There are 2 protein chains.
Amino acid sequence: MAEHECVQLVPIFSELGSEQLDTIESIVRHHHYPAGSTLFGADDPLDSLMIVANGQVKVYQLAANGREQLLYLLQTGDIDGEAALFKNQRRTSFGEALVTTDVCSIRRSDFQDLMQKYPSISINVLNVFGKRLSQLERQTTSTATESVEARLANYITETAAALKTDTFKLPLKKKDLATFLGTTPESISRKLALFERQGLITQKPGKVIEINDADQLLLTE
Amino acid sequence: MAEHECVQLVPIFSELGSEQLDTIESIVRHHHYPAGSTLFGADDPLDSLMIVANGQVKVYQLAANGREQLLYLLQTGDIDGEAALFKNQRRTSFGEALVTTDVCSIRRSDFQDLMQKYPSISINVLNVFGKRLSQLERQTTSTATESVEARLANYITETAAALKTDTFKLPLKKKDLATFLGTTPESISRKLALFERQGLITQKPGKVIEINDADQLLLTE
DNA sequence: TGAATTTCTTGACGGCCGTCAAGTTCTGAT
DNA sequence: ATCAGAACTTGACGGCCGTCAAGAAATTCA
C-alpha cells in the first residue's frame with residue numbers, strides 16, 4: 001500500500017532516487033513479528049539482508065555451551081545479515097536469533113544485483129560494516145582483557161556520551177546488559193552499587209543513572 | 001621496477017585487467033619494515049588501506065589498561081584498515097599496532113576513488129569484511145561466555161580442521177596465542193598439559209600438537 | 001487497583017584463572 | 001658447539017566473579 005515505507009528509512013539507500021526506491025521496494029519482503037517474538041535462523045533471514053522497519057532488534061549469538069551473547073542492538077533503519085552478502089560462506093549455523101517487531105528482508109541474490117547496479121549502495125554498506133567491525137574489535141579487546149568493573153564503567157560513560165547527558169535510563173534489562181558485557185546480572189547489580197558507594201554515580205528508580213564523576217569512572221580498572 | 005608486484009597478489013583486485021592494475025600500482029606506496037618491527041599508528045597507516053605484500057602481520061589492539069589483544073593474523077595478500085574506508089570515523093586512536101615485513105598502502109581518498117571507478121572492488125572488500133565480522137562475532141561470544149579451556153580446545157580443533165591434519169605446529173608463540181584467546185601463557189601451558197593428561201592430545205617438541213580425540217576435545221566446557 | 005510474575009538485589013561460597021616466582025627448555029647468534 | 005636470552009613449564013597463592021538461594025522491588029495484566 002504505502003510506497004517505499006521502510007526502504008526510504010535506510011541510510012544505505014540514501015543516494016538513490018525515487019524511481020530506484022520503487023524498484024527496491026518491489027523486491028523487498030515484509031514481515032511482522034509480535035513484540036517479544038524470536039526468530040531463530042527461521043526461513044529466510046540467514047541468507048537475506050534484514051532491515052529493521054520498526055522497533056528495536058536484539059541480535060544474539062549462541063555459544064557452544066548454550067549461553068547467549070548480545071551482539072547488537074539495532075534501531076529503525078539499521079541493517080543486519082552480513083552472511084547475506086557473500087557467496088561461499090559456511091553458515092555460521094547455530095546462533096543469531098533476534099527479537100523484534102517489524103522487519104523487511106531482501107534476498108541475497110537480489111541484493112547482489114542491486115549492488116552491481118548502484119555502486120553507492122555497496123559503499124554505504126561498507127561504511128556500516130567498517131563501523132561495526134571497529135566496534136566489535138573494541139568489544140573483543142574489552143571482554144578479553146578488562147575486568148567486569150572496567151567494562152561496565154566504560155559502557156556507562158560511553159552511553160552517557162552518546163546521549164550527551166549525565167542522567168539517562170539504561171536501555172536494557174540487567175540480564176541483556178549482562179550478556180552484552182559478558183557477565184551476569186548479579187555482578188552488574190553489585191558493581192553499580194559499588195560505584196554508588198564510591199560516589200561515582202547515583203541510581204534512581206526506573207533504571208535511571210546519574211553520573212557524578214565521569215573522569216574517575218574512566219579510571220576504573 | 002617490477003610491474004604490479006603486490007597489487008596482483010590481492011584478491012580484492014582479482015576482477016581487474018592488466019591496465020587497471022597498472023593504474024592502481026601507480027597509486028600504491030611501498031614500505032619495508034625489518035622483521036619484528038612494530039608500526040604503531042605511524043605516519044599514514046591509520047587513514048590508509050594496508051596490503052600485506054610479504055610475510056606475516058599481527059594486528060594488535062591496545063586496551064585501556066595497557067594489555068594488548070591480538071585481533072588478526074594476516075598473510076600475504078590480506079588487507080587491513082577498515083578505518084580507511086569511511087569518512088567521519090572518530091579515530092579509534094589508541095591501538096592497532098602491527099608487526100611485519102613488507103607492506104603497501106593506499107591513501108583513503110585514492111581508494112575511495114578506485115571503488116567508485118571499479119565497483120567490483122567494493123563488493124570484494126565487502127566479502128572480506130563480512131567474513132571478518134562473523135569471525136569477530138564468534139570470538140567475542142567465545143571470550144565472553146566460554147572458559148579458557150573451551151576456547152583453547154576450540155582453537156586447536158579449528159586450526160587442525162583448517163589445515164586438514166591431526167598433527168600440526170602452533171603458528172604462534174604462547175604469548176601471542178594467549179593474547180589472541182584472552183588469557184595468559186601460563187594458563188595455556190597448563191591447559192595443554194591437562195589435555196595431554198586426559199589423552200586428548202600429544203605434545204611434541206617444537207610446538208607440535210597431535211590430536212588424539214577431536215570429538216572429546218570439542219565437548220570441553 | 002491489586003495480585004502474579006518477572007526482575008533486581010544482597011549474601012555466602014567456591015572455583016577458575018591471573019599473578020608472581022623459580023627452574024627448565026628452547027632458540028638463535030657468535 | 002657454546003652461550004645468552006627468550007620462551008616455556010610448574011607450583012603456590014589469592015582475588016575476581018560466577019553460582020545458588022532467598023528476599024525485595026518493580027512491572028504487567030486482569
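In what follows, every heavy atom counts, from backbone to side chain, and hydrogens, waters and symmetry copies are set aside. Since the model is a prediction, treat every value here as computed from it, not as a measurement. Convention: sequence-line order gives letters A, B, ...; per-chain numbering from 1.
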Spacing of A/Leu177 atom CG relative to C/dT7 atom P, expressed in whole Å = 14 Å
Is a donor-acceptor contact shorter than 3.5 angstrom present between the side chain of B/Arg190 and the base of C/dT19?
-> yes
Steps toward side chain to side chain donor-acceptor pair (under 3.5 Å) verdict (A/Asn154, A/Ser142) = CA-CA 9 Å; A/Asn154 260 324; A/Ser142 177; 5.1 Å; no
Which residues, if any, of residues 147-157 of chain B bring a heavy atom under 4.0 Å of DNA chain C?
-> B/Ser147, B/Val148
Interatomic distance where CZ belongs to B/Arg197 and P belongs to D/dT9 [whole Å] | 13 Å
N/O donor to acceptor pairs below 3.5 angstrom from side-chain atoms of residues 166-177 of chain B, sequence neighbours left out:
from: B/Asp176; atom 1: OD1; to: B/Tyr60; atom 2: OH; distance (Å): 2.6
from: B/Asp176; atom 1: OD2; to: B/Lys58; atom 2: NZ; distance (Å): 2.7

Please check the phosphate of D/dC17 (OP1 and OP2 only) for any side-chain N or O of A/Lys191 closer than 4.0 Å.
-> yes
Within this structure, what is the CD1-to-P distance between A/Ile188 and D/dG18, rounded to whole angstrom?
-> 9 Å
Using atom CG of B/Asn65 as one end and atom P of C/dT19 as the other, report the distance to the nearest whole Å.
-> 9 Å
Of the candidate nucleotides C/dC17, C/dT19, D/dT10, which contains the atom at the shortest distance from the side chain of B/Ser189?
-> D/dT10
Hey, does the side chain of B/Lys207 come within less than 4.0 Å of D/dC8's phosphate (OP1/OP2), counting only N and O?
-> yes
Short side-chain donor-acceptor distance under 3.5 Å, A/Gln61 and B/Thr141 | yes
Figure out the CD/P separation between B/Gln69 and C/dG18, and round it to whole Å.
-> 12 Å
Between B/Leu181 (CG) and C/dC16 (P), how many Å, whole number?
-> 18 Å
Return yes if the base of C/dG18 and the side-chain atoms of B/Arg67 contain a donor-acceptor N/O pair under 3.5 Å, otherwise no.
-> no
In a check of side-chain contact (heavy atoms from CB on, under 4.5 Å) between B/Val57 and each of B/Asp102, B/Val52, B/Ile51, which one passes?
-> B/Val52
Does any donor atom in the side chain of A/Glu137 or B/Tyr72 lie under 3.5 Å from an acceptor atom in the other side chain?
-> yes
To the nearest 10 degrees, the angle between the two end axes of the helix from C/dT1-D/dA30 to C/dT30-D/dA1 (five pairs per end) comes to 60°
Specify the separation, in whole Å, of atom NZ of B/Lys174 and atom C1' of C/dT24.
-> 13 Å
Is any side-chain nitrogen or oxygen of A/Lys173 closer than 4.0 Å to OP1 or OP2 of C/dT7?
-> yes
Atom-pair distance (CD on A/Glu186; C1' on D/dA22), nearest Å | 12 Å
